[in-house]
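A note on names: the letters A, B, ... follow the listed sequences, proteins ahead of strands, and every chain is numbered from 1.
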Protein chains: 2
Amino acid sequence: MPDELTHPDRAAIRIDQVLHALADPVRLTIVRELAKLAEGTPCGTIDLPVSKSTRTHHIRTLREAGVVRVRPSGTARITTLRRDDLDALYPGLLDGILNAPH
Amino acid sequence: MPDELTHPDRAAIRIDQVLHALADPVRLTIVRELAKLAEGTPCGTIDLPVSKSTRTHHIRTLREAGVVRVRPSGTARITTLRRDDLDALYPGLLDGILNAPH
DNA sequence: CTCGTAGTACGACGAAATTCGTACTACGAT
DNA sequence: ATCGTAGTACGAATTTCGTCGTACTACGAG
């Protein structure tokens with residue numbers, strides 16, 4: 001019984017939470033991979049050095065901050081970057097991070 | 001006997017630490033104010049809802065992450081944003097944050 | 001229907017971060 | 001030389017965060 005996959009709408013996204021969400025190595029990896037992956041790839045394909053529950057926790061953090069959008073698809077979840085919203089709110093921020101030296 | 005005011009040079013700046021440094025409300029306020037203030041304004045002029053020691057702690061965090069440069073000037077400290085370095089490393093990032101809706 | 005897989009919920013533990021007060025140093029002014 | 005001010009250092013208390021294991025739900029395949 002997963003809690004409803006709630007997402008903040010664009011106006012409710014807070015820069016504090018976005019930065020906090022991005023300030024973790026694992027979550028930064030997720031965001032970077034999502035940016036490279038084709039749209040519609042299940043998030044489970046990204047391999048991370050953490051357990052399954054930790055992965056869930058990080059995806060949740062990113063979702064609640066407004067960084068990613070999560071959509072159910074069977075038993076899996078399709079996770080996508082909210083590029084449009086982030087670019088509209090903070091132009092340059094996302095690209096600045098994605099183009100950063102790893 | 002303050003520890004030497006060490007600063008990472010540009011190549012040593014890590015995106016993880018920069019994001020972590022910016023992911024705090026107080027530090028974000030400091031960065032925003034520094035961006036507005038004239039160069040050479042002592043950092044003590046920014047008023048924050050925290051104690052003196054907490055302020056020191058946050059400035060230190062920003063300095064060690066490579067976000068600000070701190071230079072002694074008498075008993076005061078001149079704190080400046082490292083715009084040049086940040087813009088070179090992560091073009092768009094700083095402006096994206098500074099232009100964000102408060 | 002049964003089984004396997006993807007993901008979540010919950011509780012817990014340890015690490016790290018924020019905050020503060022107090023004591024201290026350093027510099028400038030009187 | 002003495003005093004006041006700006007900032008730092010240190011230790012402590014509280015909180016938050018990241019991590020995990022286990023138990024659970026939901027959906028699809030056979």
Spacing between [X] atom [atom1] and [N] atom [atom2], to the nearest angstrom:
| X | N | atom1 | atom2 | result |
| --- | --- | --- | --- | --- |
| B:Arg55 | D:dA9 | CZ | P | 16 Å |
| B:Arg60 | C:dA17 | CZ | P | 13 Å |
| B:Leu19 | D:dC17 | CG | C1' | 17 Å |
| B:Glu64 | C:dA16 | CD | C1' | 14 Å |
| A:Leu48 | D:dG18 | CG | C1' | 14 Å |
| A:Leu28 | D:dC17 | CG | P | 18 Å |
| A:Ile59 | C:dA6 | CD1 | P | 15 Å |
| A:Ile46 | C:dA6 | CD1 | C1' | 15 Å |

To the nearest 0.5 Å, what is the distance between CZ on B:Arg63 and OG1 on B:Thr79?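 The distance works out to 9.5 Å.
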
What is the distance from atom CD1 of B:Ile46 to atom CZ of B:Arg32, rounded to the nearest 0.5 Å?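 It is 12.5 Å, given to the nearest 0.5 Å.
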
Could you pull out all residues at least two apart from [X] that satisfy side-chain contact (heavy atoms from CB on, under 4.5 Å)?
| X | answer |
| --- | --- |
| A:Ala11 | A:Asp9 |
| B:Pro91 | none |
| A:Ser53 | A:Ser51 |

Between the two end axes of the helix from C:dC1-D:dG30 to C:dT30-D:dA1, each built from 5 base pairs, what angle do you get to the nearest 10°?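 What I find for the helix from C:dC1-D:dG30 to C:dT30-D:dA1 is an axis angle of 30°.
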
Produce a footprint string for nucleotides 18-23 of chain C: one letter per nucleotide, 5' end first; B if the base is under 4.0 Å from any protein heavy atom, S if only the sugar-phosphate is, - if neither. SBBBB-

Listed pairs under 3.5 Å, donor-acceptor, residues 17-27 of chain B side chains, sequence neighbours left out:
residue: B:Asp24; atom: OD1; partner: B:Val26; partner atom: N; Å: 2.8
residue: B:Asp24; atom: OD1; partner: B:Arg27; partner atom: N; Å: 3.2
residue: B:Arg27; atom: NE; partner: B:Ala21; partner atom: O; Å: 2.7
residue: B:Arg27; atom: NH1; partner: B:His58; partner atom: ND1; Å: 3.0
residue: B:Arg27; atom: NH2; partner: B:His20; partner atom: O; Å: 3.3

With sequence neighbours left out, what residues match B:Arg10 under salt bridge (charged side-chain N to carboxylate O under 4.0 Å, His left out)?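 Testing B:Arg10 for salt bridge (charged side-chain N to carboxylate O under 4.0 Å, His left out), a comparison that skips the adjacent residues, returns B:Asp85.
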
Residues two or more places apart in sequence or in another chain: which of them pass salt bridge (charged side-chain N to carboxylate O under 4.0 Å, His left out) with B:Arg83?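 Once residues adjacent in sequence are excluded, the partners of B:Arg83 under the salt bridge (charged side-chain N to carboxylate O under 4.0 Å, His left out) criterion are B:Asp95.
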
Starting from the 5' end of DNA chain D, give me the residue, B:Thr75 or A:Gly74, whose nearest nucleotide shows up first.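 Looking at DNA chain D, the more 5' nearest nucleotide goes with B:Thr75.
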
Side chain to side chain donor-acceptor pair (under 3.5 Å) involving A:Thr75 - partner list, sequence neighbours excluded: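 Scan of A:Thr75 (side chain to side chain donor-acceptor pair (under 3.5 Å), adjacent residues dropped) gives none.
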
